[in-house]
Every structure is written in C-alpha cells, then in structure tokens.
Asker: 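Quick one: the structure is below, questions incoming.
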Amino acid sequence: MYILSEPAGYAILLGVGLFLALVVLIVVRIETKWLGTKKTFEWFSTAGRTIKTGLLITSVVSAWTWAATLLQSSTVAYQYGISGPFWYAAGASIQVILFGILAIELKRKAPMTHTFPELVNARFGKTPHKVFLGFAFLTNTIVTSMLILGGAAVIQALTGIDVFVASFLIPIGIVIYTLFGGLKATFYAEYLNTAFIFGIILVFTGIVYFGSSEIGGIGGMYEKLASASALQPIPGNSMGTYLTMASLGALAFGIINIIGNFGTVFVDQSYWQRAIASKPKSVVPGFVIGGLAWFAIPFALATTLGLSAVALNMDISAQQVESGLVAPLTASRLFGDIGAIVMASVLFTAVTAAGAAQLTSVSSLVTYDVYRTYIKPSSSGRELMRISRMAILGFGLGMGVLSSVLFVSGISLQYLYLAMGIFIGSAVAPISLAILWKKTNRHAATTGAILGLAIGIISWLGTSILVGGTLSISSTSSTASLLAGNAASILSSLVIVLLGSIARPEKFNFEQLRHKIIVYDEKIRAKIEQETNDAALKKSLHSAILCGIVISLVIIIVIPVPLFLSGYVFSREFFSAWIFSVIGWVVAAASVVWLVPIIQSRHSVEEVIRRSVGAQKYEIESDLAANEEFAQKILVAIDGSATSVRCLNYVNYTLRDMSNVKVFIAHIIEWGDDSESVDEETVSKIQEQGKIMISSVVVPARIRHHERIIRLGDPAKKIAELAKSLHIDTIVMGKRGLGNAEFMGHVPYALLGLTSKPVVLLD
C-alpha cells in the first residue's frame, strides 16, 4: 500500500517541470521585453556575466541541493545520530566556500573564459584539454545520475510508479525547463526553488520541535533519542548513544564526504559557470555565503526528519535506508499525505533545478569545448545555440537510460554518492593548480589526473577484496574500501602534480589567457576588461583565502574535534542549545536567500512594474490613437541633433489647424539586435538618460495633442514599427542625424526601405 496514488505521482512528476518551464518562459519574456536583454548564446550560457551576489547565493544553494542533500543527510542522521547531519553539512559546504578562491582567480587571470576545460586548453594544450573534458563530462554524468536515482526511488516508494518510468519522466521535465531557460532565467527560477525549500524546512522544523505532540518538543525528542540509544545502541558511538558527536561511523562518513565532494565542486562545470556568469565583486561573497546558507539545509532537515525517524522508532528496511527514503517516510508519518506531497514536491523542485544546472553545463561543454574547438571554430552564435539545445535534449534523455541501468545493477543513491570521489577526485589538484600556480607542469597535471584515477580504483577494489574477500556491491560499499579509494584518488594526484611541477617547473604568464580565450562580442569584452581590475580583485582574493581557511577550520576542526575526542554525550541543556543553533542557522540562511536577491534587484523590479504599467498605458493610448478621429497623425523622430529638434517647429509652422492633429515624439536609443545583454542597472541608466533628453524637448504650444515615446533597438526598424502600429500619416525626421553624413544618415536611409509611409527629411 503506497502513501499517495499513482495519479498524484504523475502530477508531481510532470507538474514540477512544466511549472518551472512556465516560470522560465515568463522570466525570459520579462527580460527581453522590459529589461532590454537580448537572447543570444552569450546570454544563454553566461547570463551576460551580470549576476549579483544575491542571485549567486541562491543559485549556488540550488545547484548544490541534490536529491542526496535532502535524502542522504537524513539517512546518516538515522544511522549515526546527531553527528550525521553535522558531518553531512560540514563535509559538503567547505568545498563551495573554498571554490571562491578559484572563482576570483578565474576573474583575475582568465576573465574571458566560458568553461574550465577551455581554460585548460589555453594553459596546457589539446591533449590535456581532452583528458579534463572527459572528467568534466564524467562529473556531470555522475551528478545527474544521482539526481534521477534519488528522485525516481522516492516517487516509486510514495506512489508505486515504476522506477523505470520515473527515470525517463524526470529528465523530460528538466529538459523542458532548461531548453527554454538559458542561464540567466535559470538563476531566477533557482531563486524560487531555494526560497521554497527553506520555507518548507522552517515549517517542518517548527512543527516537529514546537508543535508535534507525538515528538513532544525538544525535551521529548531528547528523551526518545536517549531511550532509542538504550534499546539499540550504535556501534562506534560513545556509549552507543545517538546524542554524541563521538561517532566513528559518522567521522568516517565525514572524511569520505569531504574528499569526494571536492571533485563534485571543483570538477563540475556548473560551479565554474556560475563564477563566470557573476560580476567580479559578487564572486567571493556569493560562494562563501552560498556555502554557509547551503549548510543549513541538510543540517536542519536531517536533524529534524532523520532524528524523528529514530525517536518514533520507525520500521524502515535496509533497502529503504540505502535508497534514501528516511526523510520522505518520516514526513509522511508526521504530517500524513500532505507531508508526503510536500516532501515529493520539494525533492522534485530540487532535482529539476539542480538537473537544469547540470544540463546547462553539459551544453556549454559540448558547444565551446567540442563543437567550436574541434568541429567548427568559426561557428556563429545561432549555430552554437542549436548545438547547445541538441546537447541538452540528448544528454537529458540519455540520463534516463543510465539511471535504469543503475537500478538494474543494484547501485543505490548512497553507494553512488560515497563512491563518486574515486572517479573524479584525481582531477581536483590539476585543475586547481592550473589557475593558481604558474609553475604547474602540463604533463604532470595530465599524468596526475590519469594515474590518480587508476590508483584510486585499485585502492578501492583492493581494499574491498581484503575486507570482504570478494568483489561485490556489498564489499565495495564498505566504509574502509570507500575511504581508501577516495583518499588515494585525490592525494596521489596531488603528489604527482606537485612533484612533477617541482622537478620540471613551467613559468607560465597568466596574461596569455586574456589573449588566448576570446569573447567575440565587443561590448561584453569591454565590460569584462573594465570590471577585472587586478588591484581590486587581489583584495577579493585575500578575503576568499582568509574566509575559506577560517571557516573550514571552524567547521571541520574547532567545533567537532573537541566533542569527538572528549566522547561527550549531550545533556538535555546542550541538546536544546544545539537545536536552537540549528534553527537559528536556517532562519539566518532563509532570510539571506529570501531578501538579498530582492533588495539587489529592486531597480529591475521597479523597472518591470514601471514598464509594464507604461506598456499597458501605451497600448491603451495607441488603441485610442487608432480610433480617435484625428485628421493627421505625425511621427517626429528625435535623436538629439539640432535638425531633429527643428522637426517639431516644421510641423508647428507647416500645419495651419493643429486642433485635429496628434504628434508622436519618438526617441529611439540605438540598441543593436545582435548585441549581448548588459545588466539591468546599465539598461535603466540608459533609459533614464533617454527620458531626460526627450523631456527636455520643448513642444510648441500650438501642438495640443502629443505623446512622448522611448524605445530601445534599431532606430529605423523601431520607427517603421511605430509608424505602422500607430497608423501614422507622415514621418518627419532629420536628414543627417548626429553623424553629420555628407548626404544622408544611415537611419533615414534604412527607414526609406522599411516603410511605405511618407517621410519628410529636413536638412
């Protein structure tokens, strides 16, 4: 008997993807119509490099909130007690915080970069590029597989929908969402996803610790965990209790978690892509605060649902634990069908948003590092957009096949999560040192990645045979074998790269990266050069290093080590303080996630509201203009030149009776259709300047009916469009414009070929 019906499962499966796709479509429409964003491939893949701190924080949190974040964290709480949620959160947050160092160095040394393999290609050459491109694709494949594995397992457990059907339906929603989104729109949708997740966690935490009679509040939770410790003590925990940080199992998990997750951050293009898309001054605070905000999600959710499963003495099978079903089953027990629906919805918004980040990353790798590098270097933006969408479609649907294979083979979410560092950890040191150290030797970097992978796999399988006597899913999933494989992969690679580079150091000049990696759009390139001032970015680098080291030491040494070494068992008072710290952390993180993006985007929001109201007013006025019985409608194009201003005087003195004439005064701010997007603040400033200019134009008193219009775009096209939509009788404009052409300016020349309306040109 399943908690929810199959129709409810299908509604969640299809509804989440379609809802987010709708949100993305609306955002894209708003951006292109009212904020002046041009939907080019640069916009699609890098968001115009305009993302501010608030959206970067929410995007980092969303991209790092996998199915495993919501599921595996509660599993380790159920297995190890209070220490499990802490080690899950600590073991996967410091990588994001430390990545801020690489991100700011990328802005300093290679600001034109689109992908990290593109950086490797410029630094090391084609052969290393192919090797690390392979690691990039492998990382995206593993992460996306985990997303789908976790999502499909939960939907099957809650609704009974076949896991193979779910494995193919989940990618469909992600593909639809990503195809329409592009990176900039995805940032906005990720904000909604992250805000929703924090809202649900606050509700769950509040009800469990302050409103559940079954749990009995913080005191009731403490008593129930103490009783569970007496009835079923945990091997390896101090006194067998759930109420201690002194847990050998949790510590081993934490070490594996720390090592493995360096690979899934440092070798995952989605995090590099977010660094690339962000404004330089937003990179360090975005990743540091993003890492701390993400910490609150597994810490609070697992401390709530994972410990509740123990306190309620729930009967959860070993297979359900391996599949990550502790959290959804507990939510269902505590909150009934509503809890199951909410948990499934939270999971699928997370899977969809994080999956979209992975698909966008894959599309960038395919277009920039495969198609443009090896197939067609001269490809246009339109071609790259087409290839990108084909990559999204192919990779997304292929993940359904891979997930089905993993299910058949018996590989669970927990197994894949703990083993991933073995396969991708060896690339961490070479990629990091490629941007951090000028002496890094290209051959040592490539060799370190390949040999590190081999050493990691050999160590993993060898330890599995020593521990279990044979190779099987059971023996290769033992803590000892996973720890050996993860540690061997990342550490052996680091040693090889360092020794090889010390023996034969290179003296690479990072300034070359600015010339080898090209952004073809002049506006974007000029913007990057202006914003990547080395003196200012050096201060950000120092902040990134200081924050990264201090926070990492506090999280993985200062807090847990004394509690572990002392074997301390939480008292009721200490447990209460611990729970209040959990709640305080999640409240602070939620406040940042909810408020900072809105505060930083307030000008854009105001602009959208103003433009939307203005657009409605314009439509009404335009319809009235079309229906009012004016004898004549005249469009006067003003570009700021003296000749264009005289056009109003020409109309004033030429027409005897102005009572039945309406004059539309139009100022078109030139904005090429093929130009890349700039940030909304710049667009707003340009529009404000346009308003000042057109407002300064004095309209003769005889012109009783007039309307001022501002538009962005190609002047000739916009004038022609306005003339048609407003049913203009005559267009009046200057012959030469601001350019002082010898015979005729380019705008009137182009306009004559675009409109059949009479055009009066004044010299």
Side-chain angles (χ1 to χ4, degrees), residues 33-34 36 606-671 684 686-738 744-745 747-748 750-752 754-763:
K33 183 176 181 181
W34 290 325
E606 291 170 1
E607 181 65 17
V608 168
I609 294 172
R610 187 189 68 79
R611 295 289 301 267
S612 63
V613 172
Q616 293 169 2
K617 179 180 177 183
Y618 172 78
E619 292 295 333
I620 293 172
E621 290 178 353
S622 297
D623 290 339
L624 288 174
N627 295 323
E628 286 173 341
E629 295 181 356
F630 288 108
Q632 272 191 294
K633 293 175 190 171
I634 299 174
L635 178 66
V636 178
I638 302 291
D639 62 5
S641 64
T643 304
S644 69
V645 174
R646 287 201 303 269
C647 291
L648 276 175
N649 294 327
Y650 169 82
V651 173
N652 182 42
Y653 290 113
T654 302
L655 301 177
R656 294 183 179 180
D657 182 10
M658 296 295 298
S659 62
N660 215 12
V661 175
K662 181 159 187 179
V663 177
F664 294 89
I665 306 165
H667 175 49
I668 313 299
I669 301 172
E670 188 161 4
W671 199 265
S684 180
I686 292 172
Q687 291 173 332
E688 287 299 320
Q689 292 172 359
K691 284 196 292 185
I692 293 172
M693 197 285 289
I694 199 169
S695 297
S696 67
V697 175
V698 178
V699 181
R702 288 184 67 242
I703 302 178
R704 295 166 53 188
H705 306 287
H706 67 273
E707 179 181 337
R708 301 174 196 258
I709 301 172
I710 297 176
R711 290 289 182 271
L712 273 74
D714 179 82
K717 290 181 181 178
K718 291 297 179 182
I719 293 171
E721 290 171 4
L722 284 172
K724 182 178 179 180
S725 62
L726 296 173
H727 305 286
I728 295 297
D729 296 297
T730 307
I731 301 171
V732 181
M733 64 188 302
K735 182 179 179 182
R736 304 178 193 275
L738 290 171
M744 182 185 298
V747 174
L751 177 63
L752 293 175
L754 294 173
T755 183
S756 59
K757 305 286 185 180
V759 180
V760 177
L761 300 177
L762 298 186
D763 201 349

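Basis for what follows: all heavy atoms, side chains included, without hydrogens, waters or symmetry-related copies. Fair warning: this is a prediction, and the values are worked out from it, not measured in the lab.
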Asker: Mind checking the CD1-CZ spacing from I719 to R711? Nearest 0.5 Å is all I need.
Answerer: 12.5 Å

Asker: How many angstroms lie between CD1 in I731 and SG in C647, if you round to the nearest 0.5 Å?
Answerer: 11.5 Å

Asker: Do I728 and L722 have side-chain heavy atoms sitting under 4.5 Å apart?
Answerer: no

Asker: How long is the gap from CD1 on I668 to CD1 on I638, to the nearest 0.5 Å?
Answerer: 11.0 Å

Asker: Do I703 and V661 make a side-chain contact, defined as non-hydrogen atoms from C-beta onward lying under 4.5 Å apart?
Answerer: no

Asker: Rounded to the nearest 0.5 Å, what separates atom OG1 in T654 from atom CG in N649?
Answerer: 10.0 Å

Asker: Taking all heavy atoms of A666 and all of L635, pick out the closest pair and write down the distance.
Answerer: CB-CD1, 3.7 Å

Asker: If every non-hydrogen atom of M733 is compared with every non-hydrogen atom of V747, which pair is closest and at what distance?
Answerer: CE-CG1, 3.9 Å

Asker: Identify the heavy atoms of L655 and R702 that sit nearest to each other, and give their distance.
Answerer: O-NH2, 3.0 Å

Asker: Quick one: does D729's side chain have a donor or acceptor within less than 3.5 Å of a partner on K633's backbone?
Answerer: yes

Asker: What's the shortest heavy-atom distance between A723 and K757, and which atoms?
Answerer: O-CE, 3.6 Å

Asker: List the steps, then state whether salt bridge (Lys or Arg N to Asp or Glu O under 4.0 Å) holds for E721 with K724.
Answerer: CA-CA 5 Å; E721 290 171 4; K724 182 178 179 180; over 6 Å; no

Asker: Using modelled atom types and a 3.5 Å cut-off, is there a donor and acceptor pairing between side-chain atoms of R646 and backbone atoms of L762?
Answerer: no

Asker: Given 3.5 Å as the limit, does a donor-acceptor pair link the side chain of T755 with the main chain of L751, or not?
Answerer: no

Asker: For H706 and V663, indicate whether the former's side chain and the latter's backbone hold a donor-acceptor pair under 3.5 Å.
Answerer: no

Asker: Would a 4.5 Å heavy-atom cut-off, applied to side chains only, mark K735 and P748 as touching?
Answerer: no

Asker: Looking only at non-hydrogen atoms, find the nearest pair between A750 and A716 and report the distance.
Answerer: CB-CB, 3.7 Å

